[in-house]
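Here the structure is a predicted model, which means the values were calculated and not measured. All ligand and atom numbering here is 1-based and tracks the order in the structure.
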Amino acid sequence: MFYGGEVFYGGQQKTLIGATNPEEEYIELITKDYSFQEAFDALDRIDWDFKDFTTQYLTHTFHSYPARFIPQIPLTFIKLFTKEKEIVLDPMCGSGTTLVEAFLNNRHSIGNDLNPLATLITKVKTTLISEDEFRYLDKRLSVMKHYLDLDYGRINERINNLPSRKISKIFNRVIISKLESIRETLLEIREEGYNDLFDFGRVALSSAIWSLVENGGGIDIDMIFLKKVKSMQNEIMEMNRIIKVIPTVKVICGDSRKLDVDTNLTDLIITSPPYVNALDYYRVHMYNMLWLGMDFDLFRKHEIGGHSHFINNRFRLLSEYLGDMLRSLIEMNRVLKKNKLCVIVVGNSSLEYELIESHKFFAEMGEKIGFKPLRTIFRNIDITKKYSSTDIGKINDEYILIMQKINDAQVTAKNDNFISDIVREEMIKFRERIKEHQGTSIKGRKPTRERLLKNVDKINEAIEKIPEDTRIKE
Ligand SMILES: C[S@@+](CC[C@H](N)C(=O)[O-])C[C@H]1O[C@@H](n2cnc3c(N)ncnc32)[C@H](O)[C@@H]1O
């Protein structure tokens with residue numbers, strides 16, 4: 001953010017007198033006032049790889065999240081295509097990167113995600129907490145520290161009280177006892193009326209559990225938790241200092257295929273949907289959700305891009321995914337104001353060695369429902385920020401699809417026949433394409449001729465099943 005010659009960026013306030021490095025040149029570029037066309041032209045002057053740029057600052061540091069995007073992507077579109085106080089929506093907001101950038105830049109924001117852990121993280125990253133409240137938290141946690149070891153005597157009682165019995169099989173008894181002390185303290189904090197502190201503490205707890213699951217070990221889990229609380233406090237205190245006007249933030253735990261958002265409300269949509277066949281978020285976050293007592297059944301059932309079904313015919317995952325994404329696109333069209341931008345960030349994936357270029361499907365489907373694809377930007381992902389999926393390997397690059405809403409969609413997201421028809425067209429085109437250009441998966445492997453024939457058969461079967469596979473599960 002520029003305040004006169006001052007810029008706030010990457011967690012620091014700087015005075016910028018002439019840019020001296022690529023990061024400062026970028027800041028200078030996105031901070032000017034532009035017409036729509038000028039802003040659009042400015043996109044060409046950005047190096048989208050953002051190599052070595054600062055991406056971990058302020059509340060972005062709170063919690064890991066697979067396949068999150070770097071803050072510069074939403075920031076660029078927020079700065080270039082919205083004004084202060086306008087409304088930015090991310091309908092699959094994950095850990096809330098878009099909302100944090102909107103918050104820092106005085107834009108109102110709405111974040112939606114079906115993963116209850118995602119919406120908790122997003123809420124906490126965009127909620128300021130006063131110094132007085134933090135003093136109260138410090139006091140409560142010092143009392144807790146005092147009792148941590150004594151409380152170990154209550155382990156059997158604790159195991160009976162766990163939010164889910166499955167947990168006792170995953171962690172050892174010392175860890176369970178410590179985590180339970182923390183959880184109970186947080187529950188008491190909520191009973192005393194400190195809801196924001198309760199959520200804040202739950203994110204710190206979840207982040208500590210994440211490091212336990214990812215890095216192993218964990219007898220010192222209480223220390224990891226307390227360290228996390230301290231660093232999160234410092235970031236929020238810094239936000240308190242920086243933010244002069246607090247924009248509104250609405251976080252919804254809901255399905256992007258039926259958004260709880262008013263029609264023609266938002267000035268920009270920026271989002272990164274799940275990839276097809278990459279990962280199941282509900283599995284990745286299962287331990288965290290179990291500890292936090294979250295019910296993830298609804299999420300498991302309606303998660304887009306999940307891949308633990310249709311094992312015998314992976315192409316059915318594709319038609320299901322396209323149907324889900326088409327419904328989500330129709331909803332995005334409904335809530336976006338006319339002529340405004342819908343920006344979708346997605347990488348390629350693969351199924352049975354065939355390349356899936358999701359951004360091309362989205363652009364084609366978008367055109368059928370009132371969007372005009374304006375441009376697709378290719379970007380390399382920084383080596384330190386790549387993420388891997390066992391099925392599709394390392395994701396090295398991604399695409400930023402920019403579409404403009406030209407018209408209202410003439411259908412609703414509930415129209416099963418329309419969804420089936422469009423998905424069928426896309427699947428037929430896909431089948432013909434792979435016959436012509438025998439695909440290469442993003443791992444670089446080419447299917448054999450024999451495999452290609454098998455794949456074509458499987459795609460034909462998937463096409464037959466489209467009405468069944470694209471229906472929303474009850
Ligand atoms: C690639 S992640 C988004 C990451 C986000 N851009 C960030 O920076 O943290 C995709 C998100 O889509 C969410 N998702 C999956 N199915 C959904 C659905 N039916 N409705 C809403 N969100 C869904 C997942 O929970 C996940 O958070």
Side-chain angles (χ1 to χ4, degrees), residues 55-56 59-75 77-78 88-103 109-126 203 210 251-261 269-286 288-289 294 296-308 317 320-332 335 343-347 349 358-359 381 385-389 392 395 398-400 413 470 472-473:
T55 55
Q56 283 294 300
T59 56
H60 289 304
T61 56
F62 277 17
H63 201 292
S64 300
Y65 202 85
R68 63 178 154 179
F69 49 28
I70 55 166
Q72 282 78 6
I73 296 178
L75 173 66
F77 291 94
I78 289 169
V88 179
L89 165 72
D90 188 339
M92 297 163 175
C93 65
S95 60
T97 313
T98 300
L99 279 86
V100 172
E101 290 304 317
F103 192 66
S109 61
I110 305 173
N112 176 86
D113 202 291
L114 198 54
N115 179 350
L117 180 63
T119 48
L120 174 71
I121 299 170
T122 301
K123 182 227 152 177
V124 169
K125 279 162 108 171
T126 50
V203 169
W210 179 266
V251 184
I252 306 164
C253 191
D255 193 329
S256 56
R257 298 168 302 174
K258 26 187 159 171
L259 288 173
D260 184 13
V261 176
I269 293 178
I270 164 110
T271 196
S272 60
Y275 296 40
V276 62
N277 196 31
L279 61 101
D280 294 298
Y281 277 92
Y282 92 87
R283 271 184 203 276
V284 174
H285 290 139
M286 195 156 65
N288 306 61
M289 292 201 238
M294 288 173 172
F296 57 84
D297 266 355
L298 195 72
F299 178 47
R300 174 168 56 186
K301 207 164 175 193
H302 295 291
E303 175 173 359
I304 296 175
H307 69 157
S308 30
L317 285 179
E320 180 188 63
Y321 177 72
L322 293 178
D324 288 342
M325 285 306 300
L326 178 55
R327 288 185 207 270
S328 305
L329 286 168
I330 295 174
E331 279 292 84
M332 292 185 218
V335 302
V343 181
I344 302 184
V345 183
V346 70
S349 47
S358 300
H359 66 100
I381 301 178
K385 313 218 160 53
K386 285 180 188 175
Y387 99 96
S388 273
S389 140
I392 54 183
I395 317 265
E398 61 192 0
Y399 295 83
I400 303 173
T470 57
I472 294 187
K473 294 182 203 87

Ligand 1 versus [X], non-hydrogen atoms closer than 4.0 Å: side chain, backbone, both, neither?
X: F299; value: side chain
X: S328; value: neither
X: M92; value: both

Which atoms of ligand 1 have any heavy atom of [X] under 4.0 Å away?
X: G254; result: 20 (N), 21 (C)
X: D255; result: 18 (C), 19 (N), 20 (N)
X: P274; result: 10 (C), 12 (O), 15 (C)
X: Y65; result: 9 (O), 25 (O), 26 (C), 27 (O)
X: S272; result: 1 (C), 2 (S), 3 (C), 4 (C), 5 (C), 6 (N), 10 (C)
X: N115; result: 25 (O)
X: R68; result: 4 (C), 7 (C), 8 (O), 9 (O)

ask   = Should D324 and R327 count as an ion pair when the cut-off is N to O under 4.0 Å?
value =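 Salt bridge: no.
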task = State whether E320 and K473 are salt-bridged, where the test is any N-O pair (Lys NZ or Arg NE/NH1/NH2 against Asp/Glu carboxylate O) under 4.0 Å.
result =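 K473 and E320: salt-bridged.
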Measure the [atom1]-[atom2] distance between [X] and [Y] for me, rounded to the nearest 0.5 Å.
X: M289; Y: R300; atom1: CE; atom2: CZ; result: 10.0 Å
X: L114; Y: C93; atom1: CG; atom2: SG; result: 11.0 Å
X: H63; Y: S95; atom1: NE2; atom2: OG; result: 9.0 Å
X: N288; Y: S64; atom1: CG; atom2: OG; result: 9.5 Å
X: Q72; Y: T97; atom1: CD; atom2: OG1; result: 10.5 Å

task = Indicate whether the side chain of E398 and that of H359 have a donor and an acceptor atom separated by less than 3.5 Å.
result =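 Absent: no donor and acceptor within the cut-off.
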query = Any luck finding a side-chain donor-acceptor pair between N115 and Y65 under 3.5 Å?
reply =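 Looking only at side-chain atoms, Y65 and N115 do form a donor-acceptor pair, the distance falling under 3.5 Å.
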Protein contact of [atom] - nearest heavy atom, named by residue and atom, plus distance:
atom: atom 2 (S) of ligand 1; answer: Y281 OH, 3.1 Å
atom: atom 22 (N) of ligand 1; answer: L114 N, 3.4 Å
atom: atom 24 (C) of ligand 1; answer: D113 OD1, 3.5 Å
atom: atom 8 (O) of ligand 1; answer: T97 OG1, 2.6 Å
atom: atom 5 (C) of ligand 1; answer: C93 O, 3.5 Å
atom: atom 16 (N) of ligand 1; answer: I304 N, 2.9 Å

Any donor-acceptor pair under 3.5 Å from E331 side chain to A413 backbone =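 Absent.
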ask   = Is a donor on one side and an acceptor on the other found under 3.5 Å between the side chain of E101 and the backbone of I78?
value =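 Judged by distance alone, no pair lies under 3.5 Å.
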Is it the case that ligand 1 has an N or O less than 3.5 angstrom from some N or O of [X]?
X: E303; value: no
X: D90; value: no
X: H302; value: yes
X: S256; value: yes
X: S95; value: yes
X: F69; value: yes

request  = Give a yes or no on whether the ring-centroid distance for Y321 and Y275 is below 6.0 angstrom.
outcome  =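 Aromatic pair excluded; centres sit 6.0 Å or further apart.
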inquiry  = If I compare all heavy atoms of P116 with all of C253, which pair ends up nearest, and what's the gap?
reply    =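 Closest approach of P116 to C253, heavy atoms only: CA-SG, 3.8 Å.
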